[in-house]
Number of protein chains: 4
Amino acid sequence: MRKKPVQQRSQQMVDALIEAAGQVIAERGLEHFTTVQVAERANVSVGSLYQYFANKDALLAALVDRLNREMGEMVSRIAPSLLQADPQTLVRGLLHAAFDFLGGREGLYMELLRNWYRLDIQRSLHRFEQQMLEITRAYALTHVADLRLDHGPAKGFVIINSVVFTLLRYLSLPNRALFDRDRLVEELTTMVAGYLSAGRPRNPRSKAATVTRAKPGTGRSKRNPVRI
Amino acid sequence: MRKKPVQQRSQQMVDALIEAAGQVIAERGLEHFTTVQVAERANVSVGSLYQYFANKDALLAALVDRLNREMGEMVSRIAPSLLQADPQTLVRGLLHAAFDFLGGREGLYMELLRNWYRLDIQRSLHRFEQQMLEITRAYALTHVADLRLDHGPAKGFVIINSVVFTLLRYLSLPNRALFDRDRLVEELTTMVAGYLSAGRPRNPRSKAATVTRAKPGTGRSKRNPVRI
Amino acid sequence: MRKKPVQQRSQQMVDALIEAAGQVIAERGLEHFTTVQVAERANVSVGSLYQYFANKDALLAALVDRLNREMGEMVSRIAPSLLQADPQTLVRGLLHAAFDFLGGREGLYMELLRNWYRLDIQRSLHRFEQQMLEITRAYALTHVADLRLDHGPAKGFVIINSVVFTLLRYLSLPNRALFDRDRLVEELTTMVAGYLSAGRPRNPRSKAATVTRAKPGTGRSKRNPVRI
Amino acid sequence: MRKKPVQQRSQQMVDALIEAAGQVIAERGLEHFTTVQVAERANVSVGSLYQYFANKDALLAALVDRLNREMGEMVSRIAPSLLQADPQTLVRGLLHAAFDFLGGREGLYMELLRNWYRLDIQRSLHRFEQQMLEITRAYALTHVADLRLDHGPAKGFVIINSVVFTLLRYLSLPNRALFDRDRLVEELTTMVAGYLSAGRPRNPRSKAATVTRAKPGTGRSKRNPVRI
DNA sequence: CATGAATGAGTGTTCATTCAT
DNA sequence: CATGAATGAACACTCATTCAT
């Protein structure tokens, strides 16, 4: 940002520009938005845009920052009320919140998240993972028996990406006739809640199976038989 | 495609152009590749490119078609050998195959899949889902007890997207120090295999819960703790 | 200048702006300096700049005026002490003064003089010539035998421009390793002092040669054979 | 240059663009010429300009190269016919040639040379000096008695810059009423020829004078008293 | 059919200047 | 009077697409 928007009017302009950028991106797509369009949408001249943002990328970065922040806020808002529920309820609640967040603001977040690798949205996703990890830990403190405690970074990574991109793709579907939102949430709830509970002795009679990789030879050595 | 390449030379040229397009995209990224670059890489003039492809988008569509086809071939190649194994082995095998596929060809598929919404890769993913569904059905015929038979479209959707995008994002990670590929595959295997086995009467006492969505339609606000 | 700065504060501001303009030009070059930079450097707003200068060019004109005045002052300061010396000493003294003047003020004058044709520095140079003419006349009054008295405007023109631009280019040289300042001054002294003394019967035996222009025909008519 | 103009048509285009650039610069001045204007003048689109020149600067560089080359050719064309003449005739001939060259082509060279420090015209001037040095050496071989042989780089530097910039400024004069071209050439001839002959024992009775700098204290150390 | 030079609309960005506060 | 945010015309440069050869 070129100038620190200390004054109120300035901050308003910065906000208006970020907002306008979001709208234009949501409407035209990331690859078709131009600085002039953003300025026009914000009822402002291009020059003003460049008074507050060094360049187009800086504007995008600010928008991503807002996404990042709002994702955090969303989680913080939702989490407390879910800590007393059982795992499925927790997961389902988070999923609905994520759904609402993604579809919100005219699909702005969707277009941004679809471009997670161009913009620096990886950071946002990473922070999201951290928050989920914290929630899981907090949850585990009161529900000792229900969830495994030793969640490494991999579990959070798997869950977040599975959920976010599955939702994202569902919302991007031209035709949602095959199954509705609730069905999707239930499926994801089943999958995620099951995954979170995994590892506990769920079914004592389940036979221990020793399996090897089907196609072990692609350069990965010592992938040992795994006990499940 | 402007002309049906009935002649052999023409088909070769079409192939060379698609191949070149893939290479250039893998190297420079989707947003930085140009038709001239593609033509040069294919040792052909731009004019010839436009002889066979109406425009840039048609070229991209052809590339996506190839992706679509190769994804199908990949699955068909892998599936037969896995039908005898137990669920985890099946899933793990498919995951490793998907991993290899994504990382293959210098990351060409990654760059394409990252742009699933710009190009029309949704079709490819959908076909992929169909194939997975078929595999699951075939598998179920011989492993009746292990997997639920009533997989609707939602389950396939969830699995495919969860897996594909999680792998995609992992491979896009600048730093893979936190956990390695095998760990990720194990986690996904656990999640997916568990999910596929879910629905069977695991906990007889569980159901009989009446749940209502807090605000089922557009329901944004205050989605209250829910009793399941 | 838009307003006559009758008040003291105003005059200070005008001075500060001119000074700031000079500094910015010296640092960034004439083609890269902006009115905003100048205003900031003068601890003043752009609006104020435009209160006193109709536009950018007016500011530059004021700067050139100052250059003009300071060049005059420089000559006036130097001249008196040199009127008693012999021609070479006079010339050498003036050259060193010109050198110091050009290199002074962080090279401000250099950047301005390099742009003698954009800004209206021709006036400054012309005034400079007048001053030199006066000095020569004054000098001739006490050194009748040493210098020709009939210096027309051409001689002053030749000397001033030869000296100023040669010094200017020397100071603009990226590498001054070939010869140092003193050497340059000596050469110029030799040339100029010799030139000023020329016309007197130096070499009685010089044969009268009738020569024709080497390439008389390029559009300049009747340039007749010249008697030397 | 982006593409090697191997073909004739291409070379023509390159030439046309350079020529157009020269014309636009001569008409509008260096700071007001745009790539679009150049393209239009060359009856070509901007895109074509950029097919042959990486950017605006590359176009300017090509123009400067042409200046450089033409200056060299001009000297080579003039020099041979002057080697038999006496010094004044030599100098006068070169001066008239330089005059014609500068004023030629609608003043294109003037505008370029006025910008010797922005463009890389210093190289051209340096090469020009080298050529003059060679001419002087060749001349000295047949006119041993007339010219000093030990011309260091300083002498050439002084002459070239004195002459070039004095001519340049004369041609830039809005009003040439004070003295005409021939007068200027005569004055320069006198000065330069005198300078070139200097150093020879011209006047045995000239008293040796020891002089010190008029204003020695500006930071240049060891500037010793000079023997004249 | 093949070629690749030519096109020109479109984009990001700058900066002299104005004017509401 | 001073301020500095706002303006928008102007410019360098790109690249998908065409078409004369």
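Values in this document were obtained by computation on a predicted structure and should not be read as measured data. Each chain gets a letter, A, B and so on, in the order its sequence line appears, and its residues count up from 1.
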A/Glu31 CD to E/dT11 C1', straight-line distance once rounded to whole Å: 14 Å
Close side-chain approach of D/Ile121 and D/Asn115, heavy atoms under 4.5 Å: no
All side chain to side chain donor-acceptor pair (under 3.5 Å) counterparts of B/Ser48, not counting sequence neighbours: B/Ser45
Whole-Å gap separating C1' (E/dG12) and CD (A/Glu40): 15 Å
Closest listed nucleotide, where the reference is the side chain of C/Ser48 and the choices are F/dT7, F/dT3, F/dA5: F/dT3
Short side-chain N/O contact from A/Tyr52 to OP1 or OP2 of F/dA5, under 4.0 Å: no
Heavy-atom side-chain proximity of A/Leu30 to A/Leu119 below 4.5 angstrom: yes
Whole-Å distance separating the CG atom of B/Leu17 from the P atom of E/dC1: 15 Å
B/Ser45 or C/Asp57, whichever maps to the more 5' nucleotide of DNA chain E: B/Ser45
For atom CD of A/Gln51 and atom P of F/dA6, their distance in whole Å: 6 Å
Protein N or O to nucleotides 9-12 of chain F N or O, pairs below 3.5 Å:
residue	atom	partner	partner atom	Å
F/dA12	OP1	D/Lys56	NZ	2.6
F/dA12	OP2	D/Thr35	N	3.1
F/dA12	OP2	D/Thr35	OG1	3.2

Atom-pair distance (CZ on A/Phe53; C1' on F/dA6), nearest Å: 15 Å
A/Leu49 vs C/Met13, nearer the 5' end of DNA chain F by closest nucleotide: C/Met13
Value in whole Å for how far the C1' atom of F/dA16 lies from CG of B/Leu60: 12 Å
Residues which pass side chain to side chain donor-acceptor pair (under 3.5 Å) with C/Arg127, listed by chain and number, not counting sequence neighbours: none
Residue that, paired with C/Leu113, satisfies side chain to side chain contact (heavy atoms under 4.5 Å, CB included) out of C/Leu108, C/Leu168, C/Leu171: C/Leu168
Presence of salt bridge, A/Asp57 and A/Arg118, under 4.0 angstrom: no
Under the side chain to side chain donor-acceptor pair (under 3.5 Å) test, residues paired with A/Gln122 that sit two or more places apart: B/Arg169
Any pair counted as salt bridge (charged side-chain N to carboxylate O under 4.0 Å, His left out), so long as it reaches residues 32-54 of chain D, sequence neighbours left out: D/Glu27-D/Arg41
Pair D/Arg105 + D/Glu111: basic N to acidic O under 4.0 Å: no
B/Asn43 CG - E/dT3 C1' separation (whole Å): 14 Å
Secondary structure string for DNA chain E (Watson-Crick or G-U under 3.5 angstrom, | for other-strand pairs): .||||||||||||||||||||
Spacing between C/Leu59 atom CG and E/dT17 atom C1', to the nearest angstrom: 14 Å
